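Have a look at the structure below, then the notes.
Treat the numbers as computed from the prediction; the structure is a model and nothing was measured. Below, read A as the first sequence line, B as the second, and so on, with proteins coming before strands; counting in each chain starts at 1. Hydrogens, waters and symmetry mates are skipped; everything else that's a heavy atom, side chains included, is used.
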2 protein chains.
Amino acid sequence: MGNPKYHVLIANSDTIKSLYYNKVLTSGEVSSYTGKSIPHVIKVLTELKNKGYIEERGLATSTGGRKPITYSLVAKSHYIVSVAIDRHSASLVMVDMNNNFIGEVEQHEFDLHHLSADNLVDIISAFIGNSSVAKSKIIGLGLTMPGFVDTVKGINYTYMNLRDDSLVDFIQRHLHLPVFIDNDSTAIALAEQKFGVAANSKNAMVLNLGWGIGLGMILNDQIFRGDNGLAGEFSHIPLFKNGKLCDCGKHGCLETEASFVAIVANAKEAIGNGETTSLANYPELNADRIIEEAIKGDRFAVKLISEAAYHVGEGLAILIHLMNPRIILLSGKGSVVGKIWLAPIQQALNEHCIPMLTSFTEIAISDLNNRAQLIGGAALVIESLGKTFQDKLDTLKAEPVNQIH
Amino acid sequence: MGNPKYHVLIANSDTIKSLYYNKVLTSGEVSSYTGKSIPHVIKVLTELKNKGYIEERGLATSTGGRKPITYSLVAKSHYIVSVAIDRHSASLVMVDMNNNFIGEVEQHEFDLHHLSADNLVDIISAFIGNSSVAKSKIIGLGLTMPGFVDTVKGINYTYMNLRDDSLVDFIQRHLHLPVFIDNDSTAIALAEQKFGVAANSKNAMVLNLGWGIGLGMILNDQIFRGDNGLAGEFSHIPLFKNGKLCDCGKHGCLETEASFVAIVANAKEAIGNGETTSLANYPELNADRIIEEAIKGDRFAVKLISEAAYHVGEGLAILIHLMNPRIILLSGKGSVVGKIWLAPIQQALNEHCIPMLTSFTEIAISDLNNRAQLIGGAALVIESLGKTFQDKLDTLKAEPVNQIH
DNA sequence: AAAAACTTTTTAAAATTTTAAAAAAGAATT
DNA sequence: AATTCTTTTTTAAAATTTTAAAAAGTTTTT
């Protein structure tokens, strides 16, 4: 069964993680991240260096003493495949051990409802085959997508639900690679926690402003997924008595007033009533077009987003009362026009929150934007190094992973 | 500085905690709770036994092998003072190391808005003085109360806010005991996690059904307090467009429809309109009277609670979408009539939740009832053993705790 | 009743990890 | 330029903790 790279990565997972998330660290810094003593950390670093996993990166500056040696992971020693799926497309990218994207992000368009697990395996297989990276250097695949995802069982109850089989097991069998799955919004939160604006926040709410409004949560420095991985259904909290039917079958979900689902519906209705806007020029409207026109300055597009933003703020007021987060971070594709969301959200919070609570919570805009989900998918694989990864290899003993190499 | 009892308790805090929460354990069980090997655990247990902290409790049964020795904490080796405050009273009790209440629970009535820190110190001081327990055997005091509580700074922003001083530091200086403070609902959640129905739930929402509706959260097996200890303001989530003014200054809080605040207001209004109910016999109505009459079977009292319960259910529907808890536990004084709350809550969830989510969440009723907060206060002291306790002793070095002994 | 099977406890050796002190390297000060 | 101070790295000893094997105690089976 044994591929030695896994043993080394798993046995030293805390050190590997700290270097992956921080790029360049001194032995002292690794010591504080891992909670181990410096002599011990230096022993581990030396061993990892000798095995080719990490390399020295020169001396750091000092304020009056010996300059510390810095270390980082050897970027091209291993790779991770990140597959980010949304309701209408998949993005695939190869990520190296310094969290760099290798080559172009590959895009595929489809309707997620009609995507089969076979289709997906073919897409990923071809991507890996066409890449410049030897398959033996790939340590795993991070698959992130909307829906009710059980990360432990490897099942997405909403999409590609295989009944008798787990989606993750299915893909693993065909690709002979360890595969890890997570919800798209959770992946975005993970990316923001490790590489984004939420990096130093013990408690953060990360909004995925997309077709719906996803929510990824960082609580007590941990990603929170709920008891079955189904937490963060912000889009479907029952908030309005508007009678509007939601995709989920209920009425009055936040999504019916506050997401691009609502924005597009409102746009179409207003255009039908003769609203003068550049949006009227498009035969078919979607989130991307409205975002584009809002950036160009179309007043009506901005107004539509602002109205939705106020309703998002009403939902966030609830969230703040319940969770008392350090930061609420606007991320996902809609955050490209983050500034438009900001003022109405703040307005809603002023009206609906206890002032003491809002005073402790900052509202911020992501700088990872549409790369967040892909970064999160790769981080998901790194994050699972350690016990989760070992358990996966153990369960795959009978049917070994990576036997092709 | 040193009182040796603290050193032993702190150095072996994981073992002490596992025994306090589980009463009687074998070495193997302590090993799995603490994550240490059996030879190591046995060494620790032997040492604690020799020092008089724990004792053997005979052999446990076996299904075909050597019977394991069981251990528990020596009940009378040390004590904890638990002080549970609500809006109108304080309860004090002495708790031994087996989580037994020693002597009677002492009650004091007041309006919390008019209680000063000096008053409180006097009450606690007299209670300790009148108790049968030697002060040197008391390891600490757990103070639990409503309001915005910062457990780290030891401040309650809502009540007894001393401006230039922290409430906890103030009490410590006067009692010469380590003091730990927490929000009432959080304490109840802690009690339910360690000794109640939520004991085996990784994720639990514990409702404190009282004058307001408090919420204590257990997430990923940890008590969650938010970034500043202000999480769980379930009572004040803005949910209704009813225009009703809430104590907090906002309109339409959950509390305005779903708590005993609302129940009492609705009762008074209906009685004014001639409603026939045994509640009409009371000159002054409060939560306790309505609960009493509901238990006796007064139909109107039951109807009032049921209406409030439905609105609580509307709030819980939001909570389930956000948190995907394993269990929602009805606790606090209102849970004495838990069955009355249950059906309307379930009804609201059926109407407002995605069925997949409700299928994973159980609604249950506490069996700790009004003892929960006191148990939680004592558990708070035990839970802080380890780093938190050590930090407290360190900051008190200059002004030593327990120097009186 | 003796043997076998099983579980817990004890013992001893091995490993991991930390502490403390010394050495090395660089910056600041005289 | 030499000295002093600071920080990092290395070394060696001490401690903690685990692993593996043996011993002890109970129950089940023969």
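- Closest to the A:Leu59 side chain, of the nucleotides C:dG26, C:dT9, D:dT11, is C:dG26.
- Of the residues near DNA chain C, A:Thr63 and A:Gly35, the one whose nearest nucleotide (by heavy atom distance) lies more toward the 5' end is A:Gly35.
- Nearest nucleotide to the side chain of A:Ile42, out of D:dT10, C:dA24, C:dT10: D:dT10.
- Between the CD1 atom of B:Ile38 and the C1' atom of C:dA12 there is a distance of 17 Å, given to the nearest Å.
- Between D:dT8, C:dT7, C:dT17, one nucleotide has an atom nearer to the side chain of B:Ser62 than all others, and that is C:dT7.
- Look at CZ on B:Arg66: it is 9 Å from C1' on C:dT7, rounded to the nearest Å.
- Listed nucleotides: C:dT9, D:dT9, C:dT18. Nearest to the side chain of A:Ile69: D:dT9.
- Atom CG in A:Leu25 sits roughly 16 Å away from atom C1' in D:dT8 (whole-Å rounding).
- When the nucleotides D:dT9, C:dT9, C:dT17 are ranked by their closest atom to the side chain of B:Pro68, C:dT9 comes out on top.
- A straight line from CG of B:Asp14 to C1' of D:dT17 spans 14 Å, rounded to a whole angstrom.
- Which of C:dA24, C:dA27, C:dT10 sits closest to the side chain of A:Lys67 comes down to C:dA27.
- The distance from the CG atom of A:Asn99 to the CG atom of A:Asp96 is 8.0 Å, given to the nearest 0.5 Å.
- Between the NE2 atom of B:His40 and the P atom of C:dT11 there is a distance of 17 Å, rounded to whole Å.
- Between the side chains of B:Tyr33 and B:Asn22, at least one donor N or O sits under 3.5 Å from an acceptor N or O.
- With D:dT19, D:dT17, C:dG26 as the choices, the nucleotide that has an atom nearest any side-chain atom of B:Lys36 turns out to be D:dT17.
- A donor-acceptor contact closer than 3.5 angstrom is absent between the side chains of A:Thr70 and A:Glu56.
- Nearest to the side-chain atoms of B:Ser37 among the listed nucleotides D:dT8, D:dT18, C:dT7 stands D:dT18.
- Out of C:dT10, D:dT8, D:dT10, the shortest distance to the side chain of B:Pro39 is found at C:dT10.
- Contact annotation for A:Ser27: backbone-only contact, meaning every heavy-atom pair under 4.0 Å involves sugar-phosphate atoms and none involves a base.
- Here D:dT8 presents its C1' atom at 13 Å from CG of A:Leu45, a figure rounded to the nearest Å.
- For B:Tyr71 and B:Glu29, the side-chain atoms include no donor-acceptor pair closer than 3.5 Å.
- For A:Lys43, taking side-chain heavy atoms from C-beta onward, the closest of the listed nucleotides C:dT11, C:dT17, C:dT18 is C:dT17.
- Taking the six-membered ring wherever Trp is involved, the centroid distance between the rings of A:Phe180 and A:Phe389 falls below 6.0 Å.
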